[in-house]
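Heads up: the structure comes next, in C-alpha cells.
In this text, all values refer to a predicted model and were calculated from it rather than measured experimentally. Starting from 1, each residue takes its place in the sequence as its number.
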Amino acid sequence: MRKNRGRRRLSAAPIVLLAAILLVTLAGLFGVPMEQAKAVNDTGPAVYVIPVKQTVESGLQSFLERAFEEAGEARAEQVILVINTLGGKVVNAEHIGHFLRENKIPTTAFIEGKAVSAGTYIALNADDIVMQPGSTIGAAAVVDGSGALVNNPKVVSFWTSEMSESAALQGRDKNIAAAMVDPNVTLELKDKIGRDKQKGEILTLTASEAEKVGYSEHTAASVDEVIKWLGLEGRTKIEVAPSFAENTARWLVNPVVMTVLLILGIAGIVIEMLVPGFGVPGIVGILSFGLYFFGHYVAGFAGMESVVFFIIGIALLIIEVFVPSFGILGILGSASLISGVVMAASDPMTAFISIVIALVAAIILIAIFVRMNKTRGIWNKFILRDKLTTEQGYLSADVKDSLLGLEGITITPLRPAGTVLIGDNRIDVVTSGEFVDTNRTVKVIKAEGTWVVVKEIVK
C-alpha cells in the first residue's frame, strides 16, 4: 500500500476574510478624529481655519467635508478657507463648490498664495474672498494630465458655465469668470485694471486687480487680519489640519497606488491559495486589500456594502477551487469582487480600469510564481508523481522474468502467438514473427513483464 506523503494544510481563507474585516474596522475606529469636534462643543462661537493647500482631489474633498462637519458640531461662527493651490480635478472641485454653497456656516476664502484653476472655483463659491498681497486668482482653463489645454467645446462650455454661475451667485461679474476659463473670450478691463483680456489669453488677477473688479472684498496679510476685518476678534480660533489617516488615505487613493495595491492583493491571495503554507504572499495580499479599503473608507468613498461584496467575492472564488460548479461560482465571485472594488472608489470608471490592469499584471505574476514553484503547488495533490517500478516496491500482477532461458513444448500453433507448456504451466507466448507448429520444442529468449518471446529449437 502506498504511503500518503502529502501534508494537509489549513486553508488561509478564513484568515484572509477576518483580516480584511479587521482592517476596515480599524479604519472606522482610527480613520477620522471626530472626537476633536466634541471637545470644542462648549467653547462658544468660534472661527474655524481650514487649509486648502494641496491638489484638489478626492482626499481634499473628504477632508473639507469632515472639517465642516466638525465646525458645525462646534457651532462655529465663521469658516476661513486658507487657499494656496494650483488646482486639480474638475469633478472634485465641482463637488466642493456645491458643498460650500449648501453649507450654512458663513465662509471666507483667504487666498494666501495662488488660487489657480479648481482653486479659483472653490474661492468663488465662498461668501467672501480676501487676498494676500502678491497672491493671484484665475487661470482656470481646463487642462489634461500633461498640462495641455483641453479644447473640447463641451468641456470648456461646461466649466465656463460652472465658473460663471458661481461668480453670479455671489454678485460678481460672470464675464470675468468666463475670461478665466475660455481663451476665446475677449473682455475690456482697461478702465479698471489697466489692461484688456485679449483672445488667446487666460485671465489671472492680482490681489489689487481682484479688489478693483469686485472679485475680492479685502486685502489682508494674515488670517488674523482677516478675522479682524470680519469683526470677529476675541473669538476662539481653531485650526483644523488633515489627520495622519487622511494624509495616508490621500496617497492610497491615488490611481497609480490603487492599481499597485490591487495587483499585490490579487496576486498575493491567489498565490497563497495555490502554494502550501501561509506566508509572505498571503500577508502581502491581505495588507494590500486592507490598505485599499482603508484609504477609500477614510476618504469617505467606501462603505460596508463594498466590503461585503468584496468578501463575498473572495469566498466564492475560494469555494470554486474546492467545489466544481462549472465556473458559475467563479463568475459570481469575480463579479462580486469587482463590484466591491469599484463601489469603494470615487470614480467607478477609473477603478474599473485599475482592476483590469491589476488582473492582467497579477496573472503574469502568478504564472511566473507557479512556474518557479512547480513541485510545491496544491495541484500536486491531484497528480501521481511516483513511478510504479520494482525498485520502488511495486510488482506487476504476473512477472515472467524467471522464465528466461527455459524450454517448453508448443501445445498450440504459434502464429506468431500461442500457448507453450513449460513444466506444468501453460504460458502465453509469441515468436519473433515466424510460424511454429504444435509439439515443437521452443526456448524463452526474452521476458519483459507479461511479454514472453520464444524461438524454436531445431534438433
Side-chain angles (χ1 to χ4, degrees), residues 37 40 43-54 56 60 63-64 67-87 93 96-97 99-140 163 166-174 176-177 180 189 192-194 203-241:
V40 297
T43 60
V47 175
Y48 262 66
V49 180
I50 304 173
V52 182
K53 298 183 179 182
Q54 62 190 61
V56 178
L60 175 63
F63 164 63
L64 290 178
F68 268 88
E69 182 180 355
E70 192 173 303
E73 292 183 2
R75 300 179 183 178
E77 190 171 351
Q78 180 80 209
V79 168
I80 298 176
L81 296 177
V82 183
I83 300 176
N84 186 5
T85 178
L86 296 177
I96 293 171
F99 173 77
L100 292 177
R101 292 182 201 173
E102 298 167 1
N103 197 276
K104 296 180 180 180
I105 305 174
T107 304
T108 298
F110 175 47
I111 301 176
E112 197 174 59
K114 297 180 183 293
V116 177
S117 189
T120 299
Y121 179 75
I122 292 173
L124 289 179
N125 282 282
D127 300 301
D128 296 302
I129 297 178
V130 178
M131 297 182 67
Q132 191 179 60
S135 61
T136 57
I137 184 173
M163 287 280 292
S166 298
L169 286 173
Q170 302 299 337
R172 300 183 177 98
D173 187 349
K174 64 181 182 180
I176 293 178
M180 292 178 173
L189 296 171
K192 295 181 179 179
I193 62 174
L203 182 63
T204 300
L205 300 174
T206 64
S208 58
E209 290 173 339
E211 194 167 353
K212 289 176 183 178
V213 298
Y215 263 58
S216 170
E217 280 70 42
H218 185 64
T219 302
S222 64
V223 172
D224 290 335
E225 287 189 19
V226 176
I227 293 175
K228 184 177 180 180
W229 175 75
L230 290 169
L232 299 174
E233 305 102 314
R235 302 295 196 278
T236 302
K237 183 175 71 172
I238 300 174
E239 297 183 350
V240 184

**Request:** With sequence neighbours excluded, tell me which residues meet salt bridge (Lys or Arg N to Asp or Glu O under 4.0 Å) with Asp127.
**Result:** none

**Asked** With Leu81, which of Ile50, Thr108, Ile129 fulfils side-chain contact (heavy atoms from CB on, under 4.5 Å)?
**Response** Ile50

**Request:** For residues Leu203 and Met180, report the shortest heavy-atom separation together with the two atoms involved.
**Result:** O-CG, 3.5 Å

**Message:** Contact between Val240 and Phe63 at the side-chain level, heavy atoms closer than 4.5 Å - yes or no?
**Reply:** yes

**Complete:** d(Phe68 CZ, Thr107 OG1) to nearest 0.5 Å is 4.0 Å

**Message:** Does Leu205 form a side-chain contact (heavy atoms from CB on, under 4.5 Å) with Ile176? I'd like the steps, not just the answer.
**Reply:** CA-CA 10 Å; Leu205 300 174; Ile176 293 178; 4.2 Å; yes

**Fill in**
Scanning both residues in full, the closest heavy-atom pair of Ala220 with Phe110 reads O-CE1, 3.4 Å

**Pairs where residues 224-234 contributes a residue and the test side chain to side chain donor-acceptor pair (under 3.5 Å) is met, not counting sequence neighbours** = Asp224-Lys237

**Asked** Roughly how far, to the nearest 0.5 Å, is CG of Leu64 from CG of Leu60?
**Response** 4.5 Å

**Message:** Please check: side-chain N/O of Tyr215 versus main-chain N/O of Ala177, any donor-acceptor pairing under 3.5 Å?
**Reply:** yes

Could you pull out every donor-acceptor pair under 3.5 Å between side chains of residues 113-125 and any protein atom, sequence neighbours left out?
residue : atom : partner : partner atom : Å
Thr120  : OG1  : Ala115  : O            : 2.4
Thr120  : OG1  : Gly138  : N            : 3.0
Thr120  : OG1  : Gly138  : O            : 3.2
Tyr121  : OH   : Arg101  : NH2          : 3.4
Tyr121  : OH   : Glu162  : OE1          : 2.8
Asn125  : OD1  : Arg101  : NE           : 2.6
Asn125  : OD1  : Ser166  : OG           : 3.3
Asn125  : ND2  : Tyr121  : O            : 2.8
Asn125  : ND2  : Ser166  : OG           : 3.3

**Item:** Set of residues satisfying side-chain contact (heavy atoms from CB on, under 4.5 Å) with respect to Ser135, sequence neighbours excluded
**Value:** Ile111, Met131, Gln132, Ala207

**Asked** How far does CD of Gln78 sit from CZ of Arg235, to the nearest 0.5 angstrom?
**Response** 10.5 Å

**Message:** Give me each pair satisfying salt bridge (Lys or Arg N to Asp or Glu O under 4.0 Å) with a member in residues 205-221, each pair once, sequence neighbours excluded.
**Reply:** Arg172-Glu217, Arg195-Glu209

**Prompt:** Are Leu230 and Ile80 side-chain neighbours, meaning at least one heavy-atom pair lies under 4.5 Å?
**Reply:** yes

**Prompt:** What residues form a side-chain contact (heavy atoms from CB on, under 4.5 Å) with Ser208, not counting sequence neighbours?
**Reply:** Thr206

**Asked** Between Val79 and Asn103, does a side-chain contact (heavy atoms from CB on, under 4.5 Å) hold up when you go through it step by step?
**Response** CA-CA 11 Å; Val79 168; Asn103 197 276; 5.9 Å; no

**Message:** Distance check, rounded to the nearest 0.5 Å: Thr85 atom OG1 versus Glu112 atom CD?
**Reply:** 12.5 Å

**Heavy-atom check, side chain of Val213 versus side chain of Asp173, under 4.5 Å** = no

